[in-house]
Amino acid sequence: AFVALLRNGSLQAHISASFGRVMIGFSMGIVAAVVLGFLIGWFRTIRMLLDPVINFFRALPPIALIPLMIIFFGIGETSKIIVLTYASFFPALVVIYQSLVGLDPIYVRVGRSLGSTNMELFRKVILPQLVPSIITACRVSLGVTWATLVAAELIAAQKGIGAMMVEAQNFFQMPPLVLGIMLIGAISLFMDGVVRFIERRVTAWQEKLS
């Protein structure tokens with residue numbers, strides 16, 4: 001199945017479509033999680049207001065949103081991207097804001113006593129300590145996003161690994177179905193390796209257990 005689909009060019013089209021959707025949804029989710037996670041973790045009032053709402057929506061599986069997305073946004077790319085963004089957003093948000101809440105306040109106090117502005121505190125004190133947590137959030141969100149991919153591509157997708165698997169299921173074709181499973185795992189593993197490589201580069205200063 002791999003060789004046949006590779007020769008006719010459909011495999012490349014499926015991988016490209018899925019990879020593009022995952023990267024767009026993942027990127028949007030991570031950016032939103034970093035911004036909102038900082039606001040929730042830094043400002044107690046915002047955290048008290050939004051924490052119940054976040055925990056409510058975090059418990060909802062992304063698959064449950066598919067019928068709603070079809071009603072509101074139709075069967076185009078928008079609904080798929082929203083489902084993938086939702087899938088990547090909440091795991092990253094929880095990791096980031098919990099990490100920010102758990103930071104040692106002594107560094108912030110020292111910075112304030114030395115006259116640092118809020119921007120300097122964020123750039124030189126908080127952000128360096130949050131980088132490992134942001135990397136961890138990226139790894140978690142990537143896994144969840146790829147796991148949601150097949151469900152997102154159930155929304156009348158013509159291209160994508162999930163669409164390929166659904167078509168194989170409809171026609172009882174086992175090889176393309178298994179190939180889709182292996183492709184999702186392999187691509188997810190590769191992307192996780194890239195994130196771990198970046199983590200080693202940007203957190204070289206951090207003391208770790210060998």
Side-chain angles (χ1 to χ4, degrees), residues 18-62 81 83-149 184-210:
S18 293
F19 186 80
R21 290 172 187 142
V22 167
M23 289 308 300
I24 293 173
F26 167 74
S27 300
M28 293 173 62
I30 286 295
V31 170
V34 170
V35 174
L36 189 59
F38 175 75
L39 293 176
I40 295 173
W42 189 254
F43 299 103
R44 182 178 177 84
T45 303
I46 298 178
R47 182 164 69 249
M48 292 175 64
L49 290 173
L50 294 184
D51 193 60
V53 179
I54 291 170
N55 286 323
F56 173 81
F57 283 102
R58 185 171 62 91
L60 296 178
I81 297 301
V83 171
L84 293 175
T85 302
Y86 179 92
S88 67
F89 172 73
F90 284 99
L93 177 65
V94 173
V95 171
I96 291 170
Y97 95 75
Q98 288 291 351
S99 300
L100 183 57
V101 170
L103 289 180
D104 193 340
I106 188 65
Y107 300 109
V108 177
R109 293 170 186 164
V110 169
R112 290 195 185 281
S113 67
L114 294 174
S116 298
T117 64
N118 286 334
M119 183 56 67
E120 287 174 334
L121 279 175
F122 175 76
R123 185 166 52 89
K124 296 183 178 181
V125 178
I126 297 171
L127 188 59
Q129 294 187 77
L130 278 183
V131 166
S133 298
I134 293 174
I135 297 293
T136 301
C138 289
R139 294 183 63 188
V140 174
S141 289
L142 265 178
V144 176
T145 306
W146 276 105
T148 312
L149 175 69
I184 290 176
I187 297 173
S188 180
L189 183 64
F190 170 76
M191 293 180 69
D192 184 70
V194 172
V195 174
R196 293 176 66 182
F197 173 78
I198 296 173
E199 178 185 21
R200 288 194 296 268
R201 301 284 293 183
V202 300
T203 62
W205 53 269
Q206 191 179 33
E207 188 175 354
K208 301 176 184 178
L209 290 175
S210 57

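Residue numbers start at 1 and run along the sequence shown.
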Going from [atom1] on [X] to [atom2] on [Y], what distance comes out if it is rounded to the nearest 0.5 angstrom?
X      : Y      : atom1 : atom2 : value
Leu127 : Leu121 : CG    : CG    : 12.0 Å
Ile187 : Leu142 : CD1   : CG    : 12.0 Å
Asp192 : Phe197 : CG    : CZ    : 14.0 Å
Phe57  : Leu50  : CZ    : CG    : 11.0 Å
Leu84  : Arg21  : CG    : CZ    : 8.5 Å
Phe89  : Leu36  : CZ    : CG    : 4.5 Å

Report the residues that fulfil side-chain hydrogen bond (donor to acceptor under 3.5 Å, both in side chains) with Ser133, sequence neighbours left out, ordered by chain and then residue number. Ser99

How about Phe38: does its CZ atom have over 12 heavy atoms from other parts shown lying under 6.0 Å from it? yes

Which heavy atom of [X] sits nearest to which heavy atom of [Y], and what is that distance?
X      : Y      : answer
Val83  : Pro62  : CG1-O, 4.0 Å
Ala137 : Ile96  : CB-CG1, 4.0 Å
Val195 : Cys138 : CG1-CB, 4.3 Å
Ser141 : Pro91  : OG-CB, 4.2 Å
Ser88  : Gly25  : OG-O, 3.1 Å
Arg123 : Pro128 : O-CD, 3.5 Å

Can you check whether Ile40 reaches Asp51 side chain to side chain, under 4.5 Å on heavy atoms? no

Just so I know, are the side chains of Met191 and Phe26 near enough to count as touching, which here means a heavy-atom distance under 4.5 Å? no

Between Tyr86 and the options Leu60, Ile81, Thr148, the side-chain contact (heavy atoms from CB on, under 4.5 Å) test singles out Leu60

Tested for side-chain contact (heavy atoms from CB on, under 4.5 Å) against Gln129, the lone hit among Ile126, Val125, Val131 is Val125

Main-chain N/O of Val22 paired with Thr145 side-chain donor or acceptor, under 3.5 Å: no

